[in-house]
Amino acid sequence: FSGEWNKYTINDLATVVGGGTPDTTVKSYWGGDIQWFTPSEIGKNKYVDFSKRTITRDGLDNSSAKLLPLHTILLSSRATVGECSIASNECTTNQGFQSLIAKQCNIDFLYYLIQTKKKDLIRNACGSTFLEISANEIRKIKVAVPVQNEQEQIAKLLSLIDERIATQNKIIEKLQSLIKGLVDELMTVLLKGKLYPFSSFYIKAGEGGTPTTSVVEYYTEGTIPFIKIEDLSCKYLTNNKDFITELGMQKSSAWLIPSKSVIYSNGATIGAISINEYPVCTKQGILGIVPNTNINVEYLYLLMSSSYFSKEISRIITEGTMKTAYLKDINHIKCPLPSMAQQKNITNLTSSIEEKLSIEQELLRFLNLQKQYLLHMIFI
């Protein structure tokens with residue numbers, strides 16, 4: 001390509017539209033045929049079809065949610081800022097989005113373009129409890145765009161790797177489903193025995209905290225791993241993106257969670273889980289759980305990943321600024337506690353499938369790194 005890339009703002013290329021949530025206490029607003037997405041449902045694949053929850057026409061009319069057309073880019077603007085997917089159908093979103101409806105730009109090219117601006121989106125976000133970027137800040141972001149033909153060729157190339165990523169996600173989902181089915185069968189048997197409160201399963205547990213983002217000393221040259229929800233994508237937490245300093249940890253409610261603990265998200269996106277292979281801190285909304293001496297950490301991971309535990313968690317979720325399952329309520333969940341030998345036997349049953357899953361997840365990580373490299377090299 002030889003043509004110049006022209007400079008625009010996001011506002012020149014797309015209409016930015018926010019979302020909203022119908023009143024959750026009004027049953028007639030929910031369970032309709034209108035898709036309603038939350039940030040946890042997007043970003044994994046290029047396209048999204050169906051949401052976990054749906055709303056009715058009454059719910060749409062009585063909230064700030066907007067009906068978005070086919071091929072809208074659903075862009076998360078709150079908490080995990082900058083994740084995006086393209087809507088395969090008409091849909092709505094909650095207030096954690098500022099979605100993009102393309103005006104004069106190839107939709108696939110715009111999708112890839114906005115992914116290269118994630119740092120700008122985060123830089124222009126603000127908030128103490130969680131980061132959020134406004135529609136006006138998104139509209140002002142500057143971008144460079146080539147002629148239509150070049151847009152299409154770039155989008156076609158990057159779409160090929162996204163297709164491979166989507167296939168890899170399906171492989172991973174099938175393996176996870178197999179493990180989950182096996183664990184649920186085991187739990188059905190174990191639940192017939194004596195049950196114990198979850199509070200007896202750990203030595204120490206608690207949420208983390210986020211050092212004030214405006215204080216550079218809390219982050220610059222930090223060496224303490226700082227875990228966010230996007231880091232909890234595999235069984236074993238072996239790497240992460242963000243770090244804080246010793247001072248940042250001391251000046252916040254963050255605490256150092258020892259290795260071989262369970263890291264569990266209990267706020268906003270509930271249920272993401274990993275075992276940390278090294279000491280970490282977490283932000284608020286993510287629990288660190290240090291297992292008791294009579295608890296195999298692998299067993300604790302399987303227990304907390306089971307359908308039984310998820311159902312129990314769903315009963316104690318508190319609605320507020322964000323959904324939360326508080327530790328004080330989790331502590332009362334009754335759980336099976338077999339002997340250490342039995343715990344080891346249970347984890348051995350799933351280990352071979354988990355090894356295969358780990359290999360496939362590593363391949364997915366490689367594909368995503370390859371995509372990020374291409375985005376970095378192709379876009380101005």
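Just so you know, these numbers come straight off a predicted model, no measurement behind them.
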Please output the side-chain donor-acceptor pairs of residues 190-199 that fall under 3.5 Å, not counting sequence neighbours, one pair per line with the distance.
none

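- Sequence neighbours left out, the pairs with a member in residues 292-318 that pass salt bridge (Lys or Arg N to Asp or Glu O under 4.0 Å) are K235-E298, E312-R315.
- By the 4.0 Å N-to-carboxylate-O rule, K46 lies too far from E163 to be salt-bridged with it.
- Remark: N276 engages no residue in a side chain to side chain donor-acceptor pair (under 3.5 Å) (not counting sequence neighbours).
- The neighbour count for K118 NZ, taken as heavy atoms of other residues, nucleotides or ligands under 6.0 Å away, is above 12.
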I'd like a table of donor-acceptor pairs (distance under 3.5 Å, sequence neighbours excluded) in which one partner is a side-chain atom from residues 369-380, with atom names and distances.
unit_1, atom_1, unit_2, atom_2, d
K371, NZ, Q115, OE1, 3.1
K371, NZ, D162, OD1, 3.0
K371, NZ, D162, OD2, 3.4

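- With respect to D231 and K228, no salt bridge is recorded, no charged nitrogen being found less than 4.0 Å from a carboxylate O.
- Contacts classified as ring-ring contact (aromatic ring centres under 6.0 Å, His included) and involving residues 269-308 (residues at least two apart or in different chains) are not found.
- Defined by atom type and a distance below 3.5 Å, a donor-acceptor pair is missing between the side-chain atoms of Q35 and N89.
- The stretch residues 91-104 participates, sequence neighbours left out, in no salt bridge (Lys or Arg N to Asp or Glu O under 4.0 Å) pair at all.
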Could you please spell out the steps behind the salt bridge (Lys or Arg N to Asp or Glu O under 4.0 Å) verdict for E362 and R365?
-> CA-CA 5 Å; E362 183 61 21; R365 190 179 75 85; 2.8 Å; yes

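- Relative orientation of the Y47 and H71 rings is tilted, given thresholds of 30° and 60° on the angle between their planes.
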